[in-house]
**Student:** 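One structure coming up, written as structure tokens, with questions to follow.
Hydrogens, waters and symmetry mates are skipped; everything else that's a heavy atom, side chains included, is used. Just so it is clear, the model here is predicted, and its values are computed rather than measured. Lettering of chains follows the sequences in order, A, B, ..., and the numbering in each one begins at 1.
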Number of protein chains: 2
Amino acid sequence: MRHLLTLRFIDAVARVGSIRKAAETLAITSTALNRRILAIEEELGVEIFERLPTGVRLSAAGEIFLHHIRQQLSDLERVKSQIDDLAGERRGHIAIACSQALLTDFLPKQIAIYRSAHPAVTFSVYLRDRVAAEKALAEMSADLALVFEPVERSEFQVLHSVQQPVCVVMKQSHPLADQSVIRMRDCLAFPLALPSTAYGVRHLLDMAARRRLLKLQPAIESDNFEFLRSAVAAEEALTFQIPIGLPANLEALGLTMRHLAEQDVPPGVLEVGQLRGRILPVAASRFAEQILRALILRFE
Amino acid sequence: MRHLLTLRFIDAVARVGSIRKAAETLAITSTALNRRILAIEEELGVEIFERLPTGVRLSAAGEIFLHHIRQQLSDLERVKSQIDDLAGERRGHIAIACSQALLTDFLPKQIAIYRSAHPAVTFSVYLRDRVAAEKALAEMSADLALVFEPVERSEFQVLHSVQQPVCVVMKQSHPLADQSVIRMRDCLAFPLALPSTAYGVRHLLDMAARRRLLKLQPAIESDNFEFLRSAVAAEEALTFQIPIGLPANLEALGLTMRHLAEQDVPPGVLEVGQLRGRILPVAASRFAEQILRALILRFE
DNA sequence: GTAGCCTGCTGCATATTTTGCACCAGCATT
DNA sequence: AATGCTGGTGCAAAATATGCAGCAGGCTAC
């Protein structure tokens, strides 16, 4: 919407930290952009940006104002989707920040289901770790977050949470594969392919190890779950994953999984959340409902 | 703020119900105003107004959009007052819708106190009955409402409530003045000067009467409490008022008051409220706190 | 220490947008 | 049928936004 253009521009400048840089991406001259900012600042009677030799930085007032801008922009989206709803066509865009485990199977499937009912709805899905996901919500660059073991700061409003026990993934021919539940101490005899420390699964494992005064020594460490699975398929190593992150074709890959004993590593929590107090666009709200139903159906 | 001008205009058009009429008060030509509306409608892809031969009326989409507009406008006020707060000067404007009883003594005094601390804050005070006050909140034409016996629809969020017993007001020389608590049946022997039915006090009295299968026969009826007091000062009539609505100089007027027996007429409730879910501007929020403290101090 | 490079900012001519006037068509009231 | 209201449109004038060229000032690298 045109009347919010300047506000969009300010948002962009704040993100980039430079008027000239932002102008380039915004298809506008730095002159014009600069003057729009000056005009707004005059209207407000306060400087939104501190001018530094290297660019600009939000002032205290700017922080407040920018938050207001983002709120307005997201509100407008909501209103537009409500209006579209009136006309019967469900349109809109849903931005999601989520843990890697969700990308494997769960989200693609859920999005396909939703889009088959509402083809006009578009999606953005961003991989974000537990901290970054909450930041994305606060900045309104994401409508929904699906996070495993979130940090849960005050801005994160949980819509639903399900327990996710940690599972061991290994080759079908692995010596441990004949046990139905696997103890942590048995794992230590094998090379470990662990996700990097930013991930919730690793967090749980590290916590459990520290409680026993141990330190996990990963033979292979990666921030990519697919790579870890491939690594496990290639040797007699073990990796760890939560059920929702396991691909449906696990067996076809020659892999299998077993639950880790809960007395060794307690189950983690997968939480669906939004920015506290925000009223979501219709589409995002309905998609959240769908996800919640799916989670309940599958894990409770 | 200039970028919201069109939205302000739309608000005005919606209130007046005519583009030409609105244009007159907005210091703009109907042409320009009309085109601004058309432009917005094109951006939204929906008609905001239904065009009637006699003017315009909000469409369903318009209702949603207008609510959004009012929300935005009031949000901006809040943001501006937050920013002003940053600079140390408490500025802003507070709009209040309230029952008549509050106008006599309580509000003028509270506003004077607040303004002595924050002279840059300005006030609008509107007399609104119980229904209209809540409408004013919903339309965001008022930030706060102080209502006696509110209807309490869902949009009304109570910040605080205090009980207010109904009092009888009469001349100091009145035959009933020697009783400390007055029974309803004793009142019926005298001419009654009653507030009109829209008022909470009258509502309570009517309810009490109906419970006894009576119907109150007012000798004098008025929507102005000051007039009612003067009427009572002029003859041996009785009028009714809640404590907060009694002027401080009651005795100086030759009048006095007694509590009405609570078994006859139960105390009513005076409630301070705001629009549910709305975040008030800083000034309004602080003023509300002050009022709450004052009410607690005086009536609890 | 200075030359180059980046930053935000400004004067002025040029595009673009917005506005107001005059006028049109449609409906309601008289 | 006449009048008076409504919103809507073509066109020229006014107002606004833009882009270019060039400014001062701070950082960085040689």
**Student:** Looking for any heavy atom pair under 4.0 Å, which part of the strands does B/S18 touch: base, sugar-phosphate only, or nothing?
**Tutor:**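 Here B/S18 touches the backbone only, sparing every base.
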
**Student:** Using a 4.0 Å heavy-atom cut-off, does A/L38 contact any base of the nucleic acid, only the sugar-phosphate backbone, or nothing at all?
**Tutor:** sugar-phosphate

**Student:** Atom CD of B/E42 and atom P of C/dT17: how far apart are they, to the nearest Å?
**Tutor:** 13 Å

**Student:** To the nearest 10°, let me know how far the axis at one end of the helix from C/dG1-D/dC30 to C/dT30-D/dA1 is tilted from the axis at the other, five pairs an end.
**Tutor:**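 Comparing the axis at each end, I get an angle of 30°.
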
**Student:** In whole angstrom, what separates A/I28's CD1 from D/dC20's C1'?
**Tutor:** 14 Å

**Student:** Donor-acceptor pairs under 3.5 Å, side chain of residues 23-37 of chain B to any protein atom, not counting sequence neighbours: which ones?
**Tutor:**
unit_1 : atom_1 : unit_2 : atom_2 : d
B/T25  : OG1    : B/A22  : O      : 2.9
B/R36  : NE     : B/T6   : OG1    : 3.0
B/R36  : NH2    : B/T6   : OG1    : 3.4

**Student:** Closest to the A/N34 side chain: D/dG7, C/dG8, C/dT19?
**Tutor:** C/dG8

**Student:** Of the listed nucleotides (C/dC9, C/dT7, D/dG8), which one gets closest to any side-chain atom of A/K21?
**Tutor:**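 Among C/dC9, C/dT7, D/dG8, the one nearest the side chain of A/K21 is C/dT7.
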
**Student:** Would you mind reading off the distance between A/R57 atom CZ and C/dG8 atom P, rounded to a whole angstrom?
**Tutor:** 14 Å

**Student:** Taking atom types as modelled and ignoring hydrogens, do the side chains of A/Q72 and A/H68 form a donor-acceptor contact shorter than 3.5 angstrom?
**Tutor:** yes

**Student:** Between A/I37 and B/A27, which has a closest nucleotide on DNA chain C that is more 5'?
**Tutor:** A/I37

**Student:** Does C/dT19 have OP1 or OP2 sitting under 4.0 Å from an N or O in the side chain of B/R36?
**Tutor:**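 True: B/R36 side-chain N/O within range (under 4.0 Å) of C/dT19 OP1/OP2.
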
**Student:** Rounded to whole Å, please give me the gap between CD in B/E50 and P in D/dG7.
**Tutor:** 14 Å

**Student:** Could you check which of D/dG19, D/dT6, C/dC9 has an atom nearest any side-chain atom of A/R20?
**Tutor:** C/dC9

**Student:** Is the NE2 atom of B/H3 crowded by more than 12 outside heavy atoms at less than 6.0 Å?
**Tutor:**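 Above 12, so yes.
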
**Student:** Should A/S99 and A/D129 count as side-chain neighbours, where that means a heavy-atom distance under 4.5 Å?
**Tutor:** no

**Student:** Mind checking whether B/Y114 and B/H118 have ring centres under 6.0 Å apart?
**Tutor:**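 Yes, the ring of B/Y114 comes within the 6.0 Å limit of the ring of B/H118, centre to centre.
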
**Student:** Between the base of D/dG8 and the side chain of B/R35, is one N or O donor paired with an acceptor at under 3.5 angstrom?
**Tutor:** no

**Student:** Compare the minimum distances between each of D/dG19, C/dT19, C/dC27 and the side chain of A/T29, then state the nucleotide with the smallest one.
**Tutor:** D/dG19

**Student:** What integer distance in Å separates A/L5:CG from C/dT16:C1'?
**Tutor:** 14 Å

**Student:** Does atom CD (B/E226) have a neighbourhood of more than 12 heavy atoms from anything else shown, all under 6.0 Å?
**Tutor:** no

**Student:** Does CD belonging to B/E50 count more than 12 external heavy atoms closer than 6.0 Å?
**Tutor:** yes

**Student:** Report the nucleotide, chosen from C/dA28, C/dT18, C/dG8, that has the shortest atom-to-atom distance to any side-chain atom of A/R2.
**Tutor:**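 Out of C/dA28, C/dT18, C/dG8, the nucleotide with an atom closest to A/R2's side chain is C/dT18.
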
**Student:** Counting side-chain heavy atoms from C-beta on, which of C/dG20, C/dG8, D/dG19 comes nearest to A/T31?
**Tutor:**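 Of the candidates, D/dG19 comes closest.
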
**Student:** Both B/G55 and A/T54 contact DNA chain D. Taking the nearest nucleotide for each, which residue is further toward the 5' end?
**Tutor:**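 Taking each residue's closest nucleotide, the earlier one in sequence belongs to B/G55.
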
